[in-house]
Amino acid sequence: MLIIDNLCAEVDGKPILKGLSLTINAGEVHAIMGPNGAGKSTLSYVLAGRDGYEVTGGSVTFRGEDLLAKAPNERAAAGLFLGLQYPVEIPGVSNLLFLRTALNAQRAQRGEPEVSGADFMKLAKAAAEKLGLPFDMMKRAVNQGFSGGEKKRNEMVQMHVLQPFLAVLDETDSGLDIDALRVVSDGINAMRSPDHAVLLITHYQRLLDYVVPDHIHVLMDGRIVHSGGADLAHKLEAEGYAALAA
Amino acid sequence: MSTLPTRKDEAWRYADLKAVAQHWPVPVETLVVPAGEAHADQIIADAGAPAIRHIAITIGAHARCTLTIINAGRDYGRIALDVTCHEGADFQLGAILIGAAAETIELVTTVRHVGPNATSRQIVRAVAGGTATTSYLGQVAVAREGQKTDASQSFKALLLNRGATANAKPELEIFADDVKCAHGAAIGQLDSQAMFYFASRGVPAAQARALLTRAFLSDALEGLDDAARDAAETRVSQLMAALG
């Protein structure tokens, strides 16, 4: 599904990723943990193609294609989804318009027919219900007046409607209370299937109690320094990153 | 005014004077809303419309005038309003200026509050692409008799290109001592975070830009009923195509 090979990237001329390699197969859930400043969010932005994140070396292959050669919107159309740590507010554009535009733009790029207004409403309603987001909020401007938890639920609603092959979720658990964490975790687990993969980027082991990953990687100073199974999260929580680096 | 304006005339400082010379002199059109009545109008000034329009509007006591303006699609397009509000009158203006290529699109308003208790509200939104210039010159003049005037003007402009220009010139002239006059002007670019959010969801840049621009402009259509708003938004979408 995703092969990252020796990826190097910098922001404002400062190297952040320094030879990161990671392979994710279809059907797997991976988690990346690491201290502040290790490059976790940079990795997610580099994969999504955000301006200002410059790749200086290495390669990323997504479903057999060169991901880095594609524009950000083409990456999304190819099946990559980035759940933002800080979802953006867009005044004057409703969630429904935003999401319908996104879905149909992706379908157009893949040569698929548009989804009709009625079919889209069914999809959006089902996703909002599953993620516990009142449907009335979908009619409001994108993320405007949403609490931190509602914004994260909204990201999950978008993911469910767009059905990406790979979801990269950047600290989707931050800002969630326990109940919201459960709902969001259920939403992520519902995406698990032999055709889909998830990359969780998180600070805390808490999320990983609900969404049990197949593999956990520790990112420090721009590289994966350690990989292990689901039990690694508890070891990290108990001993910290520093012990691992030593 | 019968002599050709020059750059020294404040109200013409951003005008395309070559174009003005071709269309001079400009007849003054008049609109009178009699006391106690209500009048709503839309002015869609695009390719077929006269380059320059000068409209004098008189709003009688306790009368109401709601005006929607879309000014776009012309090498030079200028609309000048001279509005006089009598006691208790209400003037509501929503205006959209769209400048593409090398166009110069202007809106110049003078709103005179000559009696007490009149209200005026102006919401003007502009977008400029290419090397276009959009300008809003808005004067509010409150006479000594205009006590309890409540006047506001809000101008926001979006620049899509480095070569595009927006000019804002709010001007208040107040001779009464118990009035509320608010004005605000802001000129900026599209929010890069919002653009990335769209891109990360699969929306191509041109489509995202159009959606964000339309959302920005639609502030000026607030307060219209659904049918009028839909019609105006459709026309705006068509005119925005020139922005590329």
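Each chain gets a letter, A, B and so on, in the order its sequence line appears, and its residues count up from 1.
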Show which side-chain atoms of residues 22-33 of chain A pair as donor or acceptor with protein atoms under 3.5 Å away, not counting sequence neighbours.
residue : atom : partner : partner atom : Å
A/N25   : ND2  : A/E28   : OE2          : 3.2
A/E28   : OE1  : A/N25   : N            : 2.9
A/E28   : OE1  : A/H30   : NE2          : 2.7
A/H30   : ND1  : A/H217  : NE2          : 2.8

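Contacts of B/F196 with chain A are made by side-chain atoms alone, with heavy-atom separations under 4.5 Å and no backbone atom involved. For chain B, the nearby part of A/Y45 is the side chain; its heavy atoms alone come within less than 4.5 Å. There is no contact between A/P164 and chain B, counting heavy-atom distances below 4.5 Å. Only the side chain of B/Q207 comes within contact range of chain A, judged by heavy atoms closer than 4.5 Å. Residue B/F198 touches chain A through both its backbone and its side chain, counting heavy-atom pairs closer than 4.5 Å. In this structure, chain B has heavy atoms under 4.5 Å from both the backbone and the side chain of A/R50. Of the two parts of A/L99, neither the backbone nor the side chain holds a non-hydrogen atom closer than 4.5 Å to a non-hydrogen atom of chain B. For A/Q158, the part lying under 4.5 angstrom from a heavy atom of chain B is the side chain only. Using a 4.5 Å cut-off between heavy atoms, A/I90 touches chain B through its side chain atoms alone.
Distance alone, capped at 3.5 Å, is enough to place a donor-acceptor pair between the B/R201 side chain and the A/L82 backbone. For A/Q109 (side chain) and B/G202 (main-chain N/O), a donor-acceptor pair under 3.5 Å exists by modelled atom type.
Dense packing is recorded around NZ of A/K40, with more than 12 heavy atoms of other residues, nucleotides or ligands lying under 6.0 Å away. Shown here is A/D195, whose CG atom has more than 12 heavy atoms of other residues, nucleotides or ligands within 6.0 Å. Atom NZ of B/K169 sits in a crowded spot, with more than 12 heavy atoms from other residues, nucleotides or ligands closer than 6.0 Å. Residue A/D66 places its CG atom among more than 12 non-hydrogen atoms of other residues, nucleotides or ligands, all under 6.0 Å distant. Annotation for A/F135: atom CZ counts as buried by contact number, over 12 foreign heavy atoms lying within 6.0 Å. Residue B/D75 qualifies as open at atom CG: its count of foreign heavy atoms under 6.0 Å is 12 or below. By the 6.0 Å contact criterion, CD on A/E112 is enclosed, its count of non-hydrogen atoms from other residues, nucleotides or ligands being greater than 12. Residue-environment remark: CD (B/Q238) exceeds the threshold of 12 foreign heavy atoms within 6.0 Å.
If you tally non-hydrogen atom pairs under 4.5 Å between each of A/V142, A/T101, A/N104 and chain B, the highest count goes to A/T101.
The OH atom of B/Y197 lies 3.5 Å from the CD atom of A/E155; values are rounded to the nearest 0.5 Å.
Contact record, A/G92 with B/A215: O-CB, 3.5 Å, taken as the closest heavy-atom pair. Heavy-atom minimum distance, B/P204 versus A/A105: CD-CB, 3.9 Å. Heavy-atom minimum distance, A/V93 versus B/L211: CG2-O, 4.3 Å.
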